[in-house]
Every structure is written in C-alpha cells, then in structure tokens.
**Student:** 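Shown below is the structure under consideration.
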2 protein chains.
Amino acid sequence: MLQLRLEVELSCSLGGQRKGYEVVSGGRALRADAERTVQTILEAAERVLSRNPAASMEQIAEAAGVARTTVHRRFASRDALVDAMTAWATRQFATAVEAQYSTTAPPLVALYQVTASVLRVKIDWGFAMSRASSADPEVARVHADVQAKCEQMFRRAQETGVLRPDVDVTWARRVYYALIHEAAQSDGDDTDALAALLVDTLLRGVGTDRTL
Amino acid sequence: MLQLRLEVELSCSLGGQRKGYEVVSGGRALRADAERTVQTILEAAERVLSRNPAASMEQIAEAAGVARTTVHRRFASRDALVDAMTAWATRQFATAVEAQYSTTAPPLVALYQVTASVLRVKIDWGFAMSRASSADPEVARVHADVQAKCEQMFRRAQETGVLRPDVDVTWARRVYYALIHEAAQSDGDDTDALAALLVDTLLRGVGTDRTL
DNA sequence: CTTAGTTGCAACATTGGTGTTGCATCTACT
DNA sequence: AGTAGATGCAACACCAATGTTGCAACTAAG
C-alpha cells in the first residue's frame, strides 16, 4: 500500500502528468480512503479482465468489493477505467525497466535483471500491459521507448558476441517478448528462476549444440 | 473454394459429425450458393474478430458482404458463429497436423514439416484457433490430442539427442506454441522460410554457442 | 465537533447489440 | 419453365450493460 502511493508520486514526476488515472473528479485531490478505493478497483479490474476481457463493470465492482456506482464515480467510463489500468501498468513497467536497464553493465547481466523485473510486473498486470496500443500517447511513447532500448541492448549483445550476428534484432526482440508473455502465465512465484529459464531458452534454445 | 468443400467432407468423415458448423437449418442440406455464403461469413468473421474480438455481427456481415439477417439465418447466435469458426479452424488444424506428423520420420524433419503446415492454418485462422477452450468437446479433444503428440515428438527428440535432456518437455512445448503464435503475426507469405527460422530459434536460440 | 468527502442503494434513462419476422425479389437446381 | 430455397430490407421486441441521480449513512481530517 505504502509502496503503491510512493510509485504514484514517483511516476507522476516522471510522466509529467498530474494524475496517472483518469478520475472523474476534475483535478481535486482525493481523500486517502478514496485513493485506496481507486487502487482496489484497478487491481480487481486487472484480476477480472485478465480472466475475461468482456467482463462487466458489475463483475469488476463485485471483485473490488464496492458498488458499481462507486466505480462510475471514480472512472468516467469503461474506457476510462481500462485506460487508467493501462497507464498505471505502463508506469510500473517503465519503472521496472529503468531501475534495471543499464548501457554500461554487461549485456547478459542487464538482460537477466530486466527480465526478472519485468516479469514481476507482467504477472500482475498482464491484461493492462497487453494494451500497448492505447489512446494515451504517453503509453505508446513508453512502449516504443522500451522497445527501442530492448533492440539497442540486443545490438550491443551482438557486438559483444553474445548474440549471433546473423539473427535479425527485431526477430530477437519479438521472440523475447513472446517468451516473457508465455513465462508470465506460469504459476510459481520464483520470478528469478523463471527469468533464468527464459533467458537460457532465449539464448540457447532447447536443442543440443550439434543440432542442424 | 473447391479445396474448401473437399476439406469439409474430409473432416466430416474424420470428425464423425454431420456438419462442421452449426447451421440454423436443423439438418437439411444447404444449396450450393448458401454453402458458399457460410464459408464467406466464416472467413470474414475471422478477419474481423482477429482485429477486434468485440466486433458486432453487423461488422462481420458487412465484411462478408451480406445482410446481418443472413448471418443470423445461418448461425443461430453469436456464440454459434464463433463455435463454428472454432470447429472449422480446429479441423483445418487437425488435418494439417495429421498430414505431416509421423512417428517414424526423424524428429527434426517431422518438426519442420508440421511447423510449416500449422503456420499456414494459424495465419489464416488465428482468432478461431486461440479458442482452444471451447464448449465443443470435440475441439478440446483435438487440441489435447495434438498437444500430446507434440510432447511425444519432443520426448522422442530428446531420446534422439536433438533436444537437450535437461529441458522440461512441457516448457519446450509452451515455447514452441509461443513461437508459432508470434511467427503467425508476420506479414510475409513464405511460410517455409518462417518455419525454418522458427525451428532454428526454438532449437538454437538467438545466442552464440559459447553463451553462459 | 464539524464539515466536506465518500459510499451504498434504489431507481431511472439510454443505448447498442442481438435475435426474429414478413415480404418482395432473385436464383440454383430439376 | 417451375419450384423450393436464399437473400435483402425494414421493422420489431428484447436485453444486458452503461451511465446518471438523489438521498441517507458513514468517516477521514481539520
């Protein structure tokens, strides 16, 4: 809880916007309990929508333990709610990447650390993060930015001789994203082990060396 | 067109059911032009729903170039339409696998051929195929069946020394599926090259041999 | 304590999608 | 050519989800 509020302010200063989520109230500060309610709703929405993207506001409200009217009081519309989720998740995502990404660390170390960090976010905010093509230009910018960073990292890995020189960097990134998506569906909670498995698979594949 | 009808009959004999799609007409044979309309609708639905899963019947009908009422005449409900798509795609899928799968061919050859074959179906029927958890038990059976075949193939590959003995077969299959999903999003039409790239990535990864 | 903010509840209006029907027109098949 | 089947169109009923409002009860914060 405390951590969440911290992240809000952190990301607000990063994003340069007043509030991450689109609340109905046109800019007035929310009382502490209301702020908590907003978070509860966002988390419930993620939980419900990741299972059923067509779920109704009623189901989301129920999962959050609030009345449907409360949801509508905090989010102007269904779209606004989803946009808020996307914005929130995107900021978590950006924070996770920025905390681990480094152009100076050895590519392999950077890759492993970023992977573990991103996996944690992806597991909790899978639905919201899958909406990279959002109406919010800020969200699009962050995703494009991270994607660029990712390919840059792979290029550097290629120069260092970690990645094969004959593989297309874009393809490598797509494979990486696909593996993250798949790994995030796992049930265990050991994200470090998961990240290790993921990176190992990404680099070595599942075959023996003498293959082909 | 001709090929489509052929496949229908082929799969009907395989599946053991009267009709693949759930038409409204309770069992009467459709006139040839109506049969074509059904196909057109299924293809349009796939095209539209793969872009927007929440698209309306109106949009589907428009994409198919028919009136909305016609869609409702052929499919009892929205669910029935989607189920029909799933059933159809699943049969294409099963056919593609069965045509290429072999327990006698070298695992690597089998893997490559199945991949290319499945990719072709997946590119055209991505939405319908993503609905593996269908109400239709036949669909679930086929998917479970293919999945089992897949893991069996990987086990065999492990025994032959093509797959590393320390990788979990289930994980290998999940990675394989994830790569197919990702590769199917590509735009080019050279499925053979795509399959080659996919299998190469699956087995060798994107890293150099000396990695780790 | 006081007040402004928050919430639940009940009731309501609205809307977009779904599914149905009747009829006129057209067409595949015999 | 004749007929059963297929389609388009307009009109309708229906419903579930969305979004709104007023009010009473509660509570965080000064």
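These figures come from a predicted structure and were not determined experimentally. Each chain gets a letter, A, B and so on, in the order the sequences are listed, and its residues count up from 1.
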**Student:** Does a donor on one side chain sit under 3.5 Å from an acceptor on the other, for A/S186 and B/R174?
**Tutor:**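 Yes, a side-chain donor-acceptor pair sits under 3.5 Å.
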
**Student:** List the residues meeting salt bridge (Lys or Arg N to Asp or Glu O under 4.0 Å) with A/R68, not counting sequence neighbours, and say none if there are none.
**Tutor:** A/E58

**Student:** When every nucleotide of nucleotides 24-30 of chain D is labelled 5' to 3' by its protein contacts under 4.0 Å (heavy atoms), B for base, S for sugar-phosphate only, - for none, what sequence of letters results?
**Tutor:** ---BBS-

**Student:** With the sugar-phosphate defined as primed atoms, P, OP1 and OP2, and the base as all remaining atoms, what B/S/- string results for nucleotides 14-21 of chain D, 5' to 3', for protein heavy atoms under 4.0 Å?
**Tutor:** ----BBBB

**Student:** Just the rounded figure in Å: distance from C1' of C/dG8 to CD of A/E62.
**Tutor:**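 So the CD-C1' distance, A/E62 to C/dG8, works out to 15 Å.
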
**Student:** Using the test side chain to side chain donor-acceptor pair (under 3.5 Å), find all partners of B/T90 that sit at least two apart in sequence or belong to another chain.
**Tutor:** none

**Student:** When you check the side-chain N and O atoms of A/E182 and A/Y177, is any donor under 3.5 Å from an acceptor?
**Tutor:**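 Side-chain D/A pair, A/E182 to A/Y177: absent.
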
**Student:** Below the 4.0 Å mark, does C/dG8 have OP1 or OP2 next to a side-chain nitrogen or oxygen of A/T70?
**Tutor:**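 For A/T70, the contact criterion (side-chain N or O under 4.0 Å from OP1 or OP2 of C/dG8) is met.
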
**Student:** Could I get the full list of salt bridge (Lys or Arg N to Asp or Glu O under 4.0 Å) partners for B/R156, not counting sequence neighbours?
**Tutor:**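 Not a single residue meets the salt bridge (Lys or Arg N to Asp or Glu O under 4.0 Å) criterion with B/R156.
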
**Student:** Using atom CD of B/E35 as one end and atom C1' of C/dA28 as the other, report the distance to the nearest whole Å.
**Tutor:**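 To the nearest whole Å, that distance equals 13 Å.
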
**Student:** Could you list the residues that satisfy side chain to side chain donor-acceptor pair (under 3.5 Å) with B/T104, not counting sequence neighbours?
**Tutor:** B/S102

**Student:** Going by the side-chain hydrogen bond (donor to acceptor under 3.5 Å, both in side chains) test, name the single residue among A/H143, A/K149, A/R141 that passes it with A/D145.
**Tutor:** A/K149

**Student:** Between atom CD of A/Q39 and atom CZ of A/R74, what is the distance when rounded to the nearest 0.5 Å?
**Tutor:** 13.0 Å

